[in-house]
Amino acid sequence: MAESKYWLFKSEPTAYSFADLMGEQGRTSEWDGVRNYQARNFLRDEVEEGDKVLFYHSSAKPTAVVGTAVVVRSGYPDDTAWDPNSDHPDPKSTPEKPIWYMVDIKGEAELPHPVTLAQIKATPALQEMSIFKRPRVSIHPVVKEEWDIILGMGGA
DNA sequence: GCCAACGTTGGC
DNA sequence: GCCAACGTTGGC
């Protein structure tokens, strides 16, 4: 395995929250339903088993990083794309020619204190985070320094 | 609930 | 292959 990398995964907690992940069998879930090419490219090509994940609640009160997770399966085709009964079918993607990819993640720990977007914006060392450069993408790379700062702010 | 940002679609 | 229209994300 290559050296672990760091990521931030966004989710709307009304759709799927960190508590939902922690309540899963084995605290593990597929991260399916990504239908954005930039995020897909990360999932397919770069997110690897062992990588660490910041779990971020978007459109929440407040919007914040709430916990950490670890990737337990590298990218593989998202089979919900060709399931017409899934929440996010895409008939253009097929088992023979998959368009969309997912990974499996396992919840690790809830942060003692959620790190809010407002706090991140107020922290000079976090101004270069990818989340500010590419809005509307649900998967973002995080550098180790950012990871360490956010975990420190979260009391982990 | 509003609306800005921006990715995606589709007409030409 | 351009670009206007449209749809979605996501902060506020």
Side-chain angles (χ1 to χ4, degrees), chain A residues 5-24 29-47 51-69 71 74-105 107-143 145-156:
Chain A
K5 297 185 296 294
Y6 301 89
W7 304 94
L8 180 145
F9 285 17
K10 289 185 197 172
S11 184
E12 297 195 24
T14 53
Y16 193 84
S17 70
F18 188 67
D20 290 332
L21 177 63
M22 294 303 269
E24 298 277 2
S29 176
E30 296 175 344
W31 199 256
D32 62 22
V34 171
R35 298 290 181 268
N36 168 283
Y37 286 103
Q38 289 181 33
R40 184 284 307 271
N41 291 345
F42 286 136
L43 289 178
R44 185 188 60 190
D45 304 332
E46 299 194 46
V47 180
D51 288 358
K52 301 285 198 168
V53 175
L54 294 173
F55 197 111
Y56 175 84
H57 281 169
S58 61
S59 300
K61 291 184 181 178
T63 55
V65 175
V66 295
T68 58
V71 177
S74 302
Y76 62 105
D78 181 347
D79 57 19
T80 67
W82 50 81
D83 176 0
N85 297 319
S86 83
D87 292 335
H88 22 67
D90 181 356
K92 292 193 296 295
S93 187
T94 66
E96 294 73 31
K97 285 203 163 188
I99 297 173
W100 305 113
Y101 284 73
M102 60 185 173
V103 299
D104 291 352
I105 63 171
E108 289 207 311
E110 186 176 359
L111 289 179
H113 316 290
V115 178
T116 66
L117 182 62
Q119 287 178 276
I120 292 171
K121 281 184 172 172
T123 302
L126 299 177
Q127 296 308 297
E128 297 300 312
M129 285 189 73
S130 173
I131 54 172
F132 298 124
K133 297 180 177 173
R134 295 182 172 182
R136 296 199 67 228
V137 178
S138 61
I139 308 273
H140 288 273
V142 171
V143 302
E145 289 73 19
E146 294 163 348
W147 172 274
D148 290 342
I149 290 168
I150 289 173
L151 257 58
M153 291 167 72

**Message:** Going by ring-ring contact (aromatic ring centres under 6.0 Å, His included), A/Phe9 matches just one of A/Phe55, A/Phe42, A/Tyr56, A/Trp31. Which one?
**Reply:** A/Trp31
**Asked** Does A/Tyr56 have a side-chain nitrogen or oxygen under 4.0 Å from the phosphate oxygens OP1 or OP2 of C/dT9?
**Response** no
**Prompt:** Which salt bridge (Lys or Arg N to Asp or Glu O under 4.0 Å) pairs, counting each pair once, include a residue from residues 107-124 of chain A, with sequence neighbours left out?
**Reply:** A/Lys52-A/Glu108
**Request:** Sequence neighbours left out, what passes side-chain contact (heavy atoms from CB on, under 4.5 Å) with A/Arg35? Give chain and number order.
**Result:** A/Asp78, A/Thr80, A/Ala81, A/His88, A/Asp90, A/Trp100
Donor-acceptor contacts under 3.5 Å from residues 15-22 of chain A side chains, at least two apart:
unit_1, atom_1, unit_2, atom_2, d
A/Tyr16, OH, A/Glu24, OE2, 2.6
A/Ser17, OG, A/Ala19, N, 3.3
A/Ser17, OG, A/Asp20, N, 3.1
A/Ser17, OG, A/Asp20, OD2, 3.3
A/Asp20, OD2, A/Ser17, N, 2.9

**Request:** Mark up nucleotides 3-8 of chain B, 5' to 3', with B wherever a protein heavy atom is under 4.0 angstrom from a base atom, S wherever such an atom reaches only the sugar-phosphate, and - elsewhere.
**Result:** --BBSS
**Asked** In residues 57-68 of chain A, what residues come within less than 4.0 Å of DNA chain C, judged by heavy atoms?
**Response** A/Ser58, A/Ser59, A/Thr63
**Message:** Under the side chain to side chain donor-acceptor pair (under 3.5 Å) definition, can you give me all pairs with a residue in residues 145-154 of chain A, not counting sequence neighbours?
**Reply:** A/Lys144-A/Asp148
**Request:** Please identify each residue that fulfils ring-ring contact (aromatic ring centres under 6.0 Å, His included) with A/Trp82, with sequence neighbours left out.
**Result:** none
**Complete:** Applying side-chain contact (heavy atoms from CB on, under 4.5 Å) to A/Gln38 and not counting sequence neighbours gives A/Asn36, A/Arg134, A/Val137
**Asked** If you check the A/Lys10 side chain, which of C/dG11, B/dT9, C/dG10 turns out closest?
**Response** C/dG10
**Residues which pass side-chain hydrogen bond (donor to acceptor under 3.5 Å, both in side chains) with A/Glu12, listed by chain and number, not counting sequence neighbours** = none
